[in-house]
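A, B, ... follow the sequence lines: proteins, then strands. Residue 1 opens every chain.
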Amino acid sequence: MPREAEPSLNERQFVAQAIQENLRLDGRELDQYRPLELTFGDQYGVADVTLGKTRVLAKATAEVTVPYADRPLDGIFTIATELSPMTSPAFEVNRPTETEVLLSRLLEKTVRRSGALDTESLCLVAGQKCWSVRVDVHVLSHDGNLIDAACAAVVAALRHFRKPDTSMEGGLLTVYTPAEREPVPLSWLHSPFCVTWSFFGEEGEMAVLDATWIEEQVRVGSCTVSLNKHGEICQIAKLGGTPVEAVALLQCTSVALAKVKEFSDLLDTRLAEDLKRRDKGGFMAELRAENDR
Amino acid sequence: MTATTAPEAALGVLPRSDGSAKYSHAGYTVTASVNGPIEAQRRDEHAYEAHVDVIVRPAAGVGGTRERHLEALLQASLSQLILVKNFPRSLIQIVLQVEDSPENDYVNTKLVQASLNFAIMPALMQTAVLALLSAGVPMRATATATAVAVVHQDGAKRTIVEPSPREIETAESVHALAFTSHGGLLLAESEGDFTVKEWDDLYETAKGICCRSAPAKEGMAMVLDDEESAGTDMRQFLRSTMESKVAADLHWK
């Protein structure tokens, strides 16, 4: 497979020097995101996130399986991230690259290990039957900041997703098809989002949000902060790179919180719009099978 | 979801690939990217022609043997269309990402192992051709495809064009046919029980959809067709999509 063309020395110096002068190639502020667009598909659990030229599609699905023997009371929740050659010809099928491994690790830490989805609610019959929820992340186009876009897509897809309704009567489990009963949403506890900072300069003194692909090639380090709108931090990952002052990191985290609040609001409004679009004739409230908390 | 909708397509949707297209028809939505000619790996390199690599990725779950089968079929058909002899020792890579496929509301699907069927073939073929056109890969001809199912209804056999998942389940046979723009048969794949007579009939039906004779061109001042006049005339649809893309690209002139 051909290697991705690296930016030339001139390009590198140009980008680095521009950032030193508080300028970016696309005219954004240093702490400004590209416009985040979020659309849902016709089916439940399909979310398409566009961040400038970066585009990520996530699809959530569920099926009934047998739980793991060591965790009989938990359902199964997996996030599958496989970068296809559609992203770039440098990616090969069935051969994970470093980008892919880091992406899946970060999504795992942010969404799965922060307990955003209550896996115990996916259990149907202890030790015998449970739901297996799977999110497939498809990166259609990569122009930097894959992690933030992918995380937003996964969270949006899971919030939008509905799994088939089930009932338990006398030890007999019934899974209803969408034609019989309206599917029910997942038991969702909080919505974490990733905010990635890129550092530039000799000592990493310039912090930049939402780096494009070329900026990612030039940066001296990066730090991904995952948190929800209540300010609860799920993880902070600073994988190598130039060391950064602790005070600067604290500053980054507080800016990240403001950004996450924006994402949360955007997701809530988009979900509400989508619900309204599906609610033809106002029957949705009657068809709903779940109870209000 | 309504299964019978007019086809829709957009070209050049992905900024970083050489060519790309998004196509949706009959509930299927497929995005394709084409990169090529690019450097081929040693094991894929042919001394005299380009290697056409087709990758089909299902929307959910891991691809299995059915996807590999579809890939093999598409690879064989598209190698016939692309002028592979023009690019020796190189690679033309076509990635087809299924975004949406119609769901059967009456069954709960197993999704970890994706299983595609022939009904998706026309969407894959059409998207691949559109993406190849968008990438400017030289081709002998373009292609149009359709899926036809034969169902047994009230004691009589009936052919359904672009069947829904529910119809496929009850159908006696499902067929995917593709034709080149010269009217030649490019691909014919069938699944199920059928007679030669039935096949001949559905061949005519499919040919009617894929290769309707193109209407006379209205000179330079052509009006760009809108989708509803295209109907299920696939060749006209392909042509009007390309025309509107070219008109948009040459807007500055």
Side-chain angles (χ1 to χ4, degrees), chain A residues 1-4 41-46 48 50 52-55 57-65 76 78 80 82-94 132-144 157 163-166 174-183 213, chain B residues 1-2 5 13-18 20 22 24 27-29 31-44 53-63 67-68 71 90-114 131 166:
Chain A
M1 292 295 119
R3 267 174 57 195
E4 190 81 51
D42 280 337
Q43 291 172 1
Y44 282 121
V46 180
D48 188 337
T50 313
K53 283 182 181 171
T54 299
R55 190 164 156 226
L57 180 86
K59 187 180 165 91
T61 45
E63 70 166 356
V64 178
T65 45
I76 301 169
T78 44
E82 202 188 329
L83 297 175
S84 68
M86 183 176 267
T87 317
S88 147
F91 295 116
E92 216 176 320
V93 185
N94 297 329
S132 163
V133 175
R134 179 188 166 98
V135 191
D136 287 81
V137 180
H138 304 296
V139 179
L140 303 183
S141 138
H142 177 19
D143 187 34
K163 67 175 163 41
D165 194 20
T166 51
T174 320
V175 181
Y176 296 99
T177 60
E180 288 169 330
R181 274 196 195 179
E182 190 63 20
W213 185 82
Chain B
M1 219 190 302
T2 49
T5 45
V13 286
L14 306 175
R16 279 175 65 89
S17 55
D18 289 345
S20 57
K22 183 178 177 165
S24 45
Y28 292 101
T29 307
T31 300
S33 80
V34 169
N35 281 306
I38 52 174
E39 182 192 335
Q41 267 188 317
R42 282 292 286 277
R43 61 160 192 264
D44 296 332
D53 189 15
V54 181
I55 299 159
V56 175
R57 290 172 56 85
V62 199
E67 283 70 32
R68 299 291 94 76
E71 280 172 15
S90 57
L91 171 74
I92 293 168
Q93 193 174 48
I94 305 164
V95 187
L96 294 154
Q97 173 73 58
V98 181
E99 283 189 21
D100 223 343
S101 50
E103 256 174 26
N104 192 347
D105 272 354
Y106 296 90
V107 285
N108 279 313
T109 37
K110 285 262 179 194
L111 278 160
V112 166
Q113 184 68 57
R166 182 102 177 114

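- A:Gln43 places a side-chain N or O within donor-acceptor distance of the main-chain N or O of B:Ser101, the cut-off being under 3.5 Å.
- Considering CG of B:Leu96 and CE of A:Met86, their distance stands at 7.0 Å, rounded to 0.5 Å.
- When all heavy atoms of B:Ala59 and A:Asp136 are compared, the closest pair comes out as O-CB, 3.7 Å.
- Side-chain contact check for B:Val62 versus A:Arg134: some heavy-atom pair is nearer than 4.5 Å.
- Considering only residues two or more places apart in sequence or on other chains, A:Thr166 meets the side-chain contact (heavy atoms from CB on, under 4.5 Å) condition with A:Leu124, A:Trp131, A:Leu173, A:Val175.
- Residues meeting the side-chain contact (heavy atoms from CB on, under 4.5 Å) test with B:Ser20, sequence neighbours left out: B:Val13, B:Leu14, B:Ser17.
- The distance from atom OG1 of A:Thr54 to atom CZ of B:Arg16, rounded to the nearest 0.5 Å, is 8.5 Å.
- Taking the side chain as every heavy atom from C-beta outward, A:Pro85 and B:Ile55 approach each other to under 4.5 Å.
- Between the CD atom of B:Gln97 and the NE2 atom of A:His138 there is a distance of 4.5 Å, given to the nearest 0.5 Å.
- Residue A:Leu140 touches chain B through both its backbone and its side chain, counting heavy-atom pairs closer than 4.5 Å.
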